A.B. asks: 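Please find one structure pasted underneath; my questions will follow.
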There are 2 protein chains.
Amino acid sequence: MAITIIDVAKEANVSPATVSRVIADNPRISEQTKRKVREVMERLEYHPNFQARNLAAKSTKTVGVIMSNSTSLAFQNPFFPEVIRGICTSAHASKYGIYLSTGGSEEEIYQEVVSMVQGRKVDGIILLYSRVNDRTMAFLKDAKFPFTMVGRPYKYEDEITYIDNDNQKIAHDVVEYLFNLGHRQIAFIGGNLEFVVSKDRLEGYQQALIDTGLFYSDAYFIHDEAIKATGNKSIKELMQLEVPPTAIVAHDDLVAYEIIRYLEELSIQVPKDISIVSFNNHSLSAYVKPPLTSVDISIFELGFQSANFLLEKIIDPKAPVKHHFVPTTLIERDSCGNIKMVGE
Amino acid sequence: MAITIIDVAKEANVSPATVSRVIADNPRISEQTKRKVREVMERLEYHPNFQARNLAAKSTKTVGVIMSNSTSLAFQNPFFPEVIRGICTSAHASKYGIYLSTGGSEEEIYQEVVSMVQGRKVDGIILLYSRVNDRTMAFLKDAKFPFTMVGRPYKYEDEITYIDNDNQKIAHDVVEYLFNLGHRQIAFIGGNLEFVVSKDRLEGYQQALIDTGLFYSDAYFIHDEAIKATGNKSIKELMQLEVPPTAIVAHDDLVAYEIIRYLEELSIQVPKDISIVSFNNHSLSAYVKPPLTSVDISIFELGFQSANFLLEKIIDPKAPVKHHFVPTTLIERDSCGNIKMVGE
DNA sequence: CTGAAAGCGCTTACAG
DNA sequence: CTGAAAGCGCTTACAG
């Protein structure tokens, strides 16, 4: 069997309680005893049993990370490693571990979260998404279990600690950016509206249209699911409109490149014939043609802060609710053209 | 406090032992008792305490996943979500959870793995990489702890269960592919040679050169770190060689696109002036210009099988050592040109 | 088919 | 500054 605290205690001629206190670096133990015990621990290659420790101490020193089922969020993929890196950086600094949810369907995720919290598998949870009317979130909130969201919650915004970009604002900004380039017909390829991020960006887009007094048509708004489903058909329809757009805002770089390819099939070139701006700034977008103008959303920071906030909540359950918008940067590259306006 | 097995036992008028057996669906318990106990569990919203259960049962029902520190493996990023998805799919089916390593440096990773196994934090470990002379792997092997690798081990290949692509072969194949297109000067942009995957692909490349009797020069082999470090300088030097290559094999799509951009800066066009093939087949590579010819390495499958193998080992520690090469597919797109050979 | 009891390996008031 | 003892919430031979 593995070495236990008892073995160490015997070898060091102290009680198990003392060994336990040395592990915790309890200040009431004399330096001399600590040295002695530590020497023995090292010599016997003792490592505390994680489960026993957690059971007795009623804490797990791990945080649960829940991702939405991967199929539903297009930008999940490149997003994921970077948030995780942010979370790990914060968690690791506080000696916390990461427990990853493995569920497939939404129902499975819900069940997993329930058993994570009821079974005391983790001390807190990070939701890597914000979904409209999310059961999982509601459960966490009702259970008063420490949790944090990457994404603005759909409801109860004042009661939930979260971190996000100001998605309404960045969508607004991006439209203004195109406006200042002279564009007056701006279409929007949005994400799945079950996610708040998609709703927020759409709203920012619509508000910007109103604020700048631009032309709006329902035909100017397309879901990326439509594109996934029908291929270039929806893009074709968009471009065959009586008043086709001169610019497109896409909700993710991956989607942007898909669109660009479909445009090419229609012999429409970016940025010569149409401009395109996107969000999320994937690492590839600098290298690929055309280099994409995209909003960098500081994914690492999103993950890092979500974990920081969670750790605060775990340590002090009465910590006040916090929100924070992580700053973004519009990275200008070569996918947008300036339209010379005649007579303006 | 949370509901415990004792509460359920009282409520159902049985002993805690019986409740425990119902949870485990022990066949020796009568259906009638099971029904009664289950009804109570549901009513009280009982969920077994994970830590207590693990401590008593001496198993954790979780697998540890160790990634190399993210900075060092260029292709880690897009690779990562997909392996994880594969691992989760397998683990979830067996009701195992995922514990993710959070370490930064190699030393930290090593320490974390040691405490994971000594502290019985996980039942088994998946190493998401194979590194030359890896201390972590050596430790796992010596500890006789169940583990599995994604990547051929550098040493002790016969004693370690792993899953991989046949990287030597696919590199070999890719060179032959270019050869058959008429290319006779083929350069190789390889990855970090601390990783076996990079070594294997380099070896396959070199062997193919020998087998086809092609020209080889040390100047034809570049590390992607050199490119990261010096930007287009190393590509420039490559193309200014007396005999410049007509084709390049790149060890990853991301690197390929970087190279393509540098080539463009030199007014060298793909595939017109030079061909390029790559490995890993990122999701973007179909959409971006030029669409890249790349070897799909079935990342999901790699993750899935690594977890399957591990689970086998956990269940039966004497399970025989297994290796498996996951099949790959060369996805032909538009980054390779046919060279018309004069007089051949 | 079910229960009483010991035990998993720790932590933590309590006492001194 | 340190120890004896109870307890964390389960599981699992053992006995019947």
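Order of the sequence lines fixes the chain letters, A, B, ..., with proteins taken first and strands second; residue numbering starts at 1 for each chain. Owing to the predicted nature of the structure, the values given are computational and were not obtained by experimental measurement.
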A.B. asks: What distance separates Lys121(B) NZ from Glu112(B) CD, expressed to the nearest 0.5 Å?
C.D. replies: 6.5 Å
A.B. asks: Would you kindly give the CD-to-P distance between Gln32(A) and dC1(D), to the nearest whole Å?
C.D. replies: 11 Å
A.B. asks: If the C1' atom of dT12(C) is compared with that of dG16(C), how far apart are they to the nearest Å?
C.D. replies: 16 Å
A.B. asks: Does a side-chain heavy-atom distance below 4.5 Å link Met137(B) with Tyr156(B)?
C.D. replies: yes
A.B. asks: Partners of Glu108(B) by side-chain contact (heavy atoms from CB on, under 4.5 Å), sequence neighbours excluded?
C.D. replies: His92(A), Ser105(B)
A.B. asks: Ignoring backbone atoms, test whether Thr33(A) places a side-chain nitrogen or oxygen under 4.0 Å from the OP1 or OP2 oxygen of dT2(D).
C.D. replies: yes
A.B. asks: Taking only residues two or more places apart in sequence or in another chain, which ones pass side-chain hydrogen bond (donor to acceptor under 3.5 Å, both in side chains) with Glu301(B)?
C.D. replies: Gln305(B)
A.B. asks: Find the distance Leu44(A):CG to dG9(C):P and express it as a whole number of Å.
C.D. replies: 15 Å
A.B. asks: Run the salt bridge (charged side-chain N to carboxylate O under 4.0 Å, His left out) test against Asp25(A) and tell me which residues pass, sequence neighbours left out.
C.D. replies: Lys34(A), Arg38(A)
A.B. asks: Select one nucleotide: of dG9(D), dT2(C), dC8(C), the one nearest the side-chain heavy atoms of Leu55(A).
C.D. replies: dG9(D)
A.B. asks: Would you please enumerate the stems DNA chain D participates in, each stem being three or more consecutive Watson-Crick or G-U wobble pairs with both distances under 3.5 Å?
C.D. replies: C:1-3 with D:14-16, C:5-12 with D:5-12, C:14-16 with D:1-3
A.B. asks: Quickly work out the Asp7(B) CG to dC8(D) C1' distance and round it to whole Å.
C.D. replies: 14 Å
A.B. asks: Side chains of Thr60(B) and Asp123(B): donor-acceptor distance under 3.5 Å anywhere?
C.D. replies: yes
A.B. asks: Hey, does the side chain of Lys58(B) come within less than 4.0 Å of dG9(C)'s phosphate (OP1/OP2), counting only N and O?
C.D. replies: yes
A.B. asks: Which atoms of nucleotides 10-12 of chain D (N or O only) lie under 3.5 Å from a protein N or O atom, and what are those distances?
C.D. replies:
from: dC10(D); atom 1: OP1; to: Tyr46(B); atom 2: OH; distance (Å): 3.0
from: dC10(D); atom 1: OP1; to: Asn49(B); atom 2: N; distance (Å): 3.3
from: dC10(D); atom 1: OP2; to: Ile5(B); atom 2: N; distance (Å): 2.7
from: dC10(D); atom 1: O5'; to: Tyr46(B); atom 2: OH; distance (Å): 3.0
from: dT11(D); atom 1: OP1; to: Arg53(B); atom 2: NE; distance (Å): 2.9
from: dT11(D); atom 1: OP2; to: Ser20(B); atom 2: OG; distance (Å): 2.3
from: dT11(D); atom 1: O5'; to: Ser20(B); atom 2: OG; distance (Å): 3.4

A.B. asks: Strictly below 4.0 Å, N to O, side chains only: are Arg43(A) and Glu39(A) in salt-bridge contact?
C.D. replies: yes
A.B. asks: Specify the separation, in whole Å, of atom CD1 of Ile29(A) and atom C1' of dC1(D).
C.D. replies: 6 Å
A.B. asks: Grab the CZ-C1' distance between Phe50(B) and dC8(C) for me, whole Å please.
C.D. replies: 15 Å
A.B. asks: Measure the distance from NZ on Lys10(B) to C1' on dG3(C) and round it to the nearest whole Å.
C.D. replies: 16 Å
A.B. asks: Keeping to residues at least two apart or across chains, list the ring pair (Phe, Tyr, Trp, His ring centres under 6.0 Å) pairs with something in residues 299-324 of chain B.
C.D. replies: Tyr162(B)-His323(B), Phe300(B)-Phe304(B)
A.B. asks: Determine whether Ile126(B) and Val150(B) satisfy the following criterion, side chain to side chain contact (heavy atoms under 4.5 Å, CB included), listing intermediate values before the conclusion.
C.D. replies: CA-CA 7 Å; Ile126(B) 299 174; Val150(B) 177; 4.2 Å; yes
